[in-house]
Amino acid sequence: MSGGEQKAHGNHARKTKQQLIDELRSLRRQLTAAQRSASGARIETEAKDLQIKFDELLQDYTLLSEIIDIAADAIISIDRNQHIVRFNQGAQHVFGYSHQEVIGRPLDILLPRQFRAAHGAYVQEFERSESESRLMDRRGEIAGRRKDGTTFPARATISRVVHNGTTTMTVFLRDISDIKRAEERSRRSLEELSHVSRVNMLGEISASLAHELNQPLTAILANAQAMQHQMTPSAAISEETIESISDVIDDAKRAAEVIRRLRSLSERRKYHIEFVDINKLIVDTETLLRSQLIMNQLHVNMELDPALPMVSCDPIQLQQVFFNLLTNAIDATAKRDPPDRRVLIRTSHLKSNAVEISIKDSGTGFKNEPYRNLLKPFFTTKEKGMGMGLAVSKSILQNVGGRLWAKNNRGPGATFYITLPMPAKRVAIPAARQTRELEPDVLHKGMVFIVDDDVSIRKSLGRLIRSAGYEVESYASAEEFQRSEEYVGVGCILVDLHMPGASGLDLQNDIKNRTCNLPMIFITGGGDTASGVRAMKEGASDFLSKPIDEKRLLHAVALATKNSRVAWEQKMQLMVAQEKVGKLTPREIEIMDLVVKGLRNKQIAGTLGISEKTVKVHRGHVMQKIGARTVADLIHVAETAAVNSQAAL
Ligand code: ADP
């Protein structure tokens with residue numbers, strides 16, 4: 001486009017309708033004046049000037065007409081009788097009529113039958129009114145009717161122009177079907193989200209109450225049961241004391257039943273796991289919150305990794321997490337000046353085969369609070385806060401093996417991080433354990449390792465298990481247990497499923513590959529049956545819920561230690577058998593193999609190409625070194641060593 005063209009174009013765009021009319025009027029006046037004083041060459045130059053001006057004005061007019069014509073909205077002009085005089089392309093597109101089909105016909109044809117009378121009266125009333133333009137309906141929304149008879153919601157205004165004594169009214173109308181459909185979709189999503197949120201919140205509250213109450217209750221029950229256990233008829237204890245203890249146990253069990261029922265509320269949470277496109281879920285959540293974000297003048301930027309892999313999780317639950325974090329960002333940035341209210345959402349694929357999502361805001365950040373408190377139920381610094389949003393989010397993520405954490409930014413605000421594993425991966429426990437010397441006295445009733453972060457649980461369960469004749473060692477975390485010397489002997493591990501660091505499942509995963517493969521009994525405060533099932537699938541010996549019933553616990557410990565003893569004895573037999581076989585020379589091993597296969601001395605001599613006498617001498621040494629009196633003894637030792645060494649491979 002040349003400089004001149006650009007200028008002309010700019011002029012057109014700036015001219016208003018009134019300016020155009022004024023210019024045309026002045027043009028006519030000039031033309032009349034020119035005609036009056038007409039003379040030769042002057043006429044020619046003035047006519048040229050006027051021609052240029054006329055062309056410019058024609059261009060302006062054409063441009064304005066085109067703008068009106070191509071507008072996506074329907075622009076329909078009607079005369080005083082409400083007959084259509086102008087019908088732009090937008091209107092043709094919206095209503096499905098061609099220009100020729102509607103010109104001169106009443107506006108009514110564009111309205112559903114039941115609204116025609118009311119609309120007609122409304123337009124008449126508007127025509128008589130003082131106002132130049134207004135909404136077509138007081139609610140701002142009307143119904144339109146297409147050529148095919150279908151109706152649609154529309155937003156419309158009407159305006160009036162009187163020119164040379166003729167009144168023309170123009171309706172500007174927008175089909176809002178798509179907007180309405182999107183609003184409906186948002187409304188449904190928000191409803192679903194808010195239902196999930198209520199269920200989650202209820203679940204979290206009941207789970208948290210159950211957990212808090214379970215800890216002391218487990219301790220009360222276990223202590224009382226330990227006392228009951230230690231009481232023998234010979235002890236100088238009154239009947240009343242024995243009865244009181246029995247009452248304490250009964251009452252604690254009743255309270256446990258109440259808690260179990262309370263916990264069942266939290267189990268109502270259902271997870272529908274599927275492969276989810278995280279980027280899309282983030283965009284959808286931002287769309288749901290769009291009007292809230294606009295009203296709070298919070299500007300959201302996104303840097304979404306286009307190569308992000310799909311993650312398996314429940315999309316509605318995960319959307320709840322994004323929703324909670326974005327709502328918190330709105331609150332956190334509210335005190336800042338509008339231009340400084342910002343959020344940056346990033347997604348990335350970590351090398352550790354996890355997906356990371358960060359939500360960084362420019363809000364207040366966390367004051368002096370250690371961030372782990374934020375994730376606890378009921379922690380809030382807001383006047384009307386519930387303190388459940390982050391706790392619920394943490395639970396949702398934990399359920400799919402994910403994590404939530406946060407830190408203050410270097411500048412203003414805070415960043416929340418989410419990681420989602422793909423596939424679910426557990427925390428590795430780094431410290432390797434030293435192996436304790438195999439001691440002959442390990443054949444006691446068994447060693448029970450208690451791994452639980454709650455000190456009163458460790459103490460009370462310890463007492464109870466000790467009172468049943470086991471040795472007990474307690475650890476406050478899976479990491480502490482892993483750092484201790486490795487125990488090789490009869491026993492079991494009683495481990496809390498959920499602990500602040502590595503979980504019971506992490507410990508199980510780690511222990512599987514160690515020399516000491518003690519049976520594991522899981523204990524949990526929450527009704528987390530899914531994790532229980534997972535633990536059992538991975539070979540857990542049992543799964544108990546707090547508060548733990550004494551009989552059930554001791555039975556589980558007895559079974560686990562029995563299995564451990566069987567495994568331990570097999571291990572001992574293997575060691576002894578391998579030690580014995582290890583004393584044999586290669587020739588003696590050959591002879592032992594053939595004896596075990598059932599060959600006689602003569603056959604062995606033939607097979608090996610030696611004399612029968614030599615075979616007899618070697619065979620005597622084999623029986624002596626193995627400590628076998630009969631061939632059956634020899635077969636047993638040979639098979640134990642061979643079978644187990646194969647199993648070890
Ligand atoms: P609530 O919003 O009801 O307080 P939440 O569990 O969502 O409950 O949040 C707990 C607390 O964590 C908030 O009260 C606030 O103190 C803090 N918090 C959460 N998100 C942010 C954030 N983006 N910036 C600063 N503080 C936050």
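Both counts, for ligands and for their atoms, begin at 1 and track the order of listing.
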Relative to ligand 1, is D331 under 4.0 angstrom through side chain, backbone, both or neither, heavy atoms considered? neither

Could you identify the single nearest non-hydrogen protein atom to atom 14 (O) of ligand 1 and state the distance to 0.1 Å? T381 N, 2.8 Å

Validation row: V276, P315 side chains within 4.5 angstrom (heavy atoms): yes

Does T333 form a side chain to side chain donor-acceptor pair (under 3.5 Å) with D361? I'd like the steps, not just the answer. CA-CA 7 Å; T333 50; D361 66 52; over 6 Å; no

S194 and R198: side chain donor to acceptor below 3.5 Å: yes

Using a strict 4.0 Å threshold on nitrogen-to-oxygen distance, state whether R458 and D452 make a salt bridge. no

The protein heavy atom nearest to atom 18 (N) of ligand 1 is F366 CE2, 4.2 Å

Closest approach of any protein heavy atom to atom 10 (C) of ligand 1, naming residue and atom: F379 O, 3.2 Å

Could you establish whether N324 and ligand 1 come within less than 4.0 Å of each other, counting only heavy atoms on the residue side? no

Looking at side-chain heavy atoms only, is the closest gap between N328 and L390 below 4.5 Å? yes

Residue and atom name of the nearest protein heavy atom (relative to atom 7 (O) of ligand 1), distance in Å to one decimal: N328 ND2, 2.9 Å

Is it the case that over 12 heavy atoms from other parts of the model lie below 6.0 angstrom from the CZ atom of F378? yes

No-hydrogen, no-angle side-chain donor-acceptor test under 3.5 Å, T347 and N279: yes

Which residue holds the protein heavy atom closest to atom 25 (C) of ligand 1, what is that atom called, and what is the gap in Å? G365 O, 3.4 Å

Side chains of Q482 and D510: do they bring a donor and an acceptor to under 3.5 Å? yes

Looking at ligand 1, does any of its N/O atoms fall within less than 3.5 Å of an N/O of T380? yes

Close N or O approach (L390, ligand 1; < 3.5 Å): yes

Using a strict 4.0 Å threshold on nitrogen-to-oxygen distance, state whether D250 and R254 make a salt bridge. no

Give the atom numbers and elements of ligand 1 that come within less than 4.0 Å of a heavy atom of M388. 6 (O), 8 (O)

Of the choices V343, D361, N409, which has the non-hydrogen atom that lies closest to atom 23 (N) of ligand 1? D361

Going by distance only, is there an N or O of A391 that falls short of 3.5 Å from an N or O of ligand 1? no

Within-shell test, G387 vs ligand 1, heavy atom, strictly < 4.0 Å: yes

In this structure, atom 24 (N) of ligand 1 is nearest to the protein heavy atom A332 CB, 3.4 Å

How far is atom 21 (C) of ligand 1 from the closest protein heavy atom, and which atom is that? F416 CE1, 3.8 Å

The protein heavy atom nearest to atom 17 (C) of ligand 1 is L374 CD2, 3.9 Å

So that I can tick it off, tell me whether K180 and E184 are bridged by a salt bridge, with the cut-off set at under 4.0 angstrom between side-chain N and carboxylate O. no

